There are 2 protein chains.
Amino acid sequence: MGVGRPREFERDVVLDRAMQVFWSRGYEATSIRHLVDRMRIQRGSLYDTFGDKRALFFAAIDRYDRVVTAKLLAALDEPASGKDAIRRFFRFKVELALEPRRPRGCLVTNSASELASRDRGAATRVGAVLAKIEAAFHRAVVRAQKAGEVDRTRDPRALARFLTSSAQGLSVMAKAFPERAVLEDIVGVVLAALESRRIPWAKSST
Amino acid sequence: MGVGRPREFERDVVLDRAMQVFWSRGYEATSIRHLVDRMRIQRGSLYDTFGDKRALFFAAIDRYDRVVTAKLLAALDEPASGKDAIRRFFRFKVELALEPRRPRGCLVTNSASELASRDRGAATRVGAVLAKIEAAFHRAVVRAQKAGEVDRTRDPRALARFLTSSAQGLSVMAKAFPERAVLEDIVGVVLAALESRRIPWAKSST
DNA sequence: TGTTTTCTTGACCGATCGTTCAGGAACTGA
DNA sequence: TCAGTTCCTGAACGATCGGTCAAGAAAACA
């Protein structure tokens, strides 16, 4: 920081606040006026720091990736049993979903639904986060297969895709039915799914 | 239709058009101006017929329920094997997701993500549709259990919740990664999940 | 033809939207 | 102190928002 007036706020502090707002209300329904209120800076400072509303939104997604998703991924990459890691991920996700003061659902899921088919930048970011999650699931599945916890004849990529999709489904259900019993039922079956054998079931009537 | 000028448009025809728009852009990002363009009626007619934007949106959800979801549910309630019915549902869902000129994702999933935590009316409607889907899955699972296609020791409610959640996850993934290979991988694992035995896995480290 | 009823149109309304920028404030360095 | 740099504020801008309603049109009926 050289010559000039020092900034009065921490960029990441106000970005966290913006992230909460976007997470709660989505992009389109969030006005600059609301953001200004919640971030506790004025409009000019918002624009000077982040550029414009869309750029701020992207910064919020990136922040979510670094703060929230990173925790979920850390749970997956623990050098323990792949099976335990996956369970820990979903456990954490359920707890996250039921936290009282936290917005419902997941910023990435919400953004995929709201914007992925209309905004290239959002689609790119959302796709990157989902791909990252899938890759982490993939590593955990491979670990589990090596340890004999998951049947080795199963396609780890398909399992990783399934687990990623299940996490998104859980986020949506958490929004529509924020009840522990519902979410735990779902997680129970998802985790049990890793126990099944490889069966060409989906194709049997082709 | 008694005295007075006859209406020049069919309510359901213009409602279908509105549904396409909301499905594609969501609620907040859809302006009356855009709706007017797409529905091919003027603002006054839109308000006279549907009341206001929110009411039109609800009418569109109800229409989606009657036109699209009903087809999916019909696939589930076919008096055939419960297992086949579930497979047919997901097959149909993948085809729907990959149709070229159809909006990505699913209006219900999108609405849950966008509005369920902020708009009571939307939450109610979305919740009702999801509950309907879950009930249909439940019936199919029970049928499959009776026929010995699915292990009877499994909780049909948990399985129905899982399948409903999986359908939502698939809609989100279809938006982020609209590729057949991805969606079919997911469906393959979802369907294989019904093959697994009941194992108290999610609770083993309590 | 005139009256009544219902429908269609689109200009208009007040409010809000996202963005800009002039004026003033807080700092450094000469 | 002054000049330059950077930050903060919020009024103002042009555009758009959702909703209203007066005027005219299309019908049935007397």
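Chain A is the first sequence line, chain B the second, and so forth, proteins listed ahead of strands; every chain is numbered from 1. Because the structure is a prediction, the values reported are computed rather than measured.
- Here the C1' atom of nucleotide C:dC7 and the CD atom of B:Glu10 are 15 Å apart, to the nearest Å.
- By the side-chain contact (heavy atoms from CB on, under 4.5 Å) test, B:Pro156 is found to be paired with B:His138, B:Val141, B:Val142, B:Gln145, residues two or more places apart in sequence or in another chain being considered.
- Regarding B:Met39, its CE atom lies at a distance of 12 Å from the P atom of C:dT9, rounded to whole Å.
- A salt bridge is absent between A:Glu184 and A:Arg91; no separation between the charged side-chain nitrogens and carboxylate oxygens falls under 4.0 Å.
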Anything under 3.5 Å between a donor and an acceptor, one on a side chain of residues 66-73 of chain A, the other on a protein residue two or more places apart or in another chain? List them.
none

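- At a non-hydrogen distance threshold of 4.0 Å, nothing from residues 13-32 of chain A comes into contact with DNA chain D.
- Between B:Phe50 atom CZ and C:dC7 atom P there is a gap of 13 Å when expressed in whole angstrom units.
- Between atom CG of residue B:Leu107 and atom CD of residue B:Gln20 there is a gap of 9.5 Å, rounded to the nearest 0.5 Å.
- Atom CZ of A:Arg33 is separated from atom C1' of D:dC17 by 14 Å (rounded to the nearest Å).
- Although no hydrogens or angles enter the test, the distance criterion places no donor-acceptor pair under 3.5 Å between the side chain of B:Ser165 and the main chain of B:Arg161.
- A distance-only check finds a donor-acceptor pair linking the side chain of A:Glu149 to the backbone of A:Lys83 [under 3.5 Å].
- A distance-only check finds no donor-acceptor pair linking the side chain of B:Lys175 to the backbone of A:Thr109 [under 3.5 Å].
- Here the side chain of B:Glu114 pairs no donor or acceptor atom with the backbone of B:Gly26 at under 3.5 angstrom.
- Across the protein-nucleic acid pair, A:Tyr47 atom OH and C:dT20 atom C1' stand 9 Å apart, rounded to whole Å.
- Shown here are the side-chain contact (heavy atoms from CB on, under 4.5 Å) partners of B:Thr30, two or more places apart in sequence or in another chain: B:Val21, B:Phe22, B:Arg25, B:Leu35.
- Without hydrogens or angle criteria, B:Arg104 side chain to B:Ser24 main chain gives no donor-acceptor distance under 3.5 Å.
- Remark: B:Arg40 is not positioned above the aromatic ring of B:Phe9, lacking an NZ or CZ atom under 6.0 angstrom from the ring centre and at most 45 degrees off the axis.
- Across residues 111-123 of chain B, not one residue has a non-hydrogen atom less than 4.0 Å from an atom of DNA chain D.
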Could you go through nucleotides 8-11 of chain D and list every protein N or O atom that sits under 3.5 Å from one of its N or O atoms, giving the distance for each pair?
{"residue": "D:dC8", "atom": "OP1", "partner": "A:Glu8", "partner atom": "N", "Å": "2.8"}
{"residue": "D:dC8", "atom": "OP2", "partner": "A:Ser45", "partner atom": "OG", "Å": "3.4"}
{"residue": "D:dC8", "atom": "O4'", "partner": "A:Arg5", "partner atom": "NH1", "Å": "3.4"}
{"residue": "D:dG10", "atom": "OP2", "partner": "A:Gln42", "partner atom": "NE2", "Å": "3.3"}
{"residue": "D:dG10", "atom": "O6", "partner": "A:Gly44", "partner atom": "N", "Å": "3.2"}

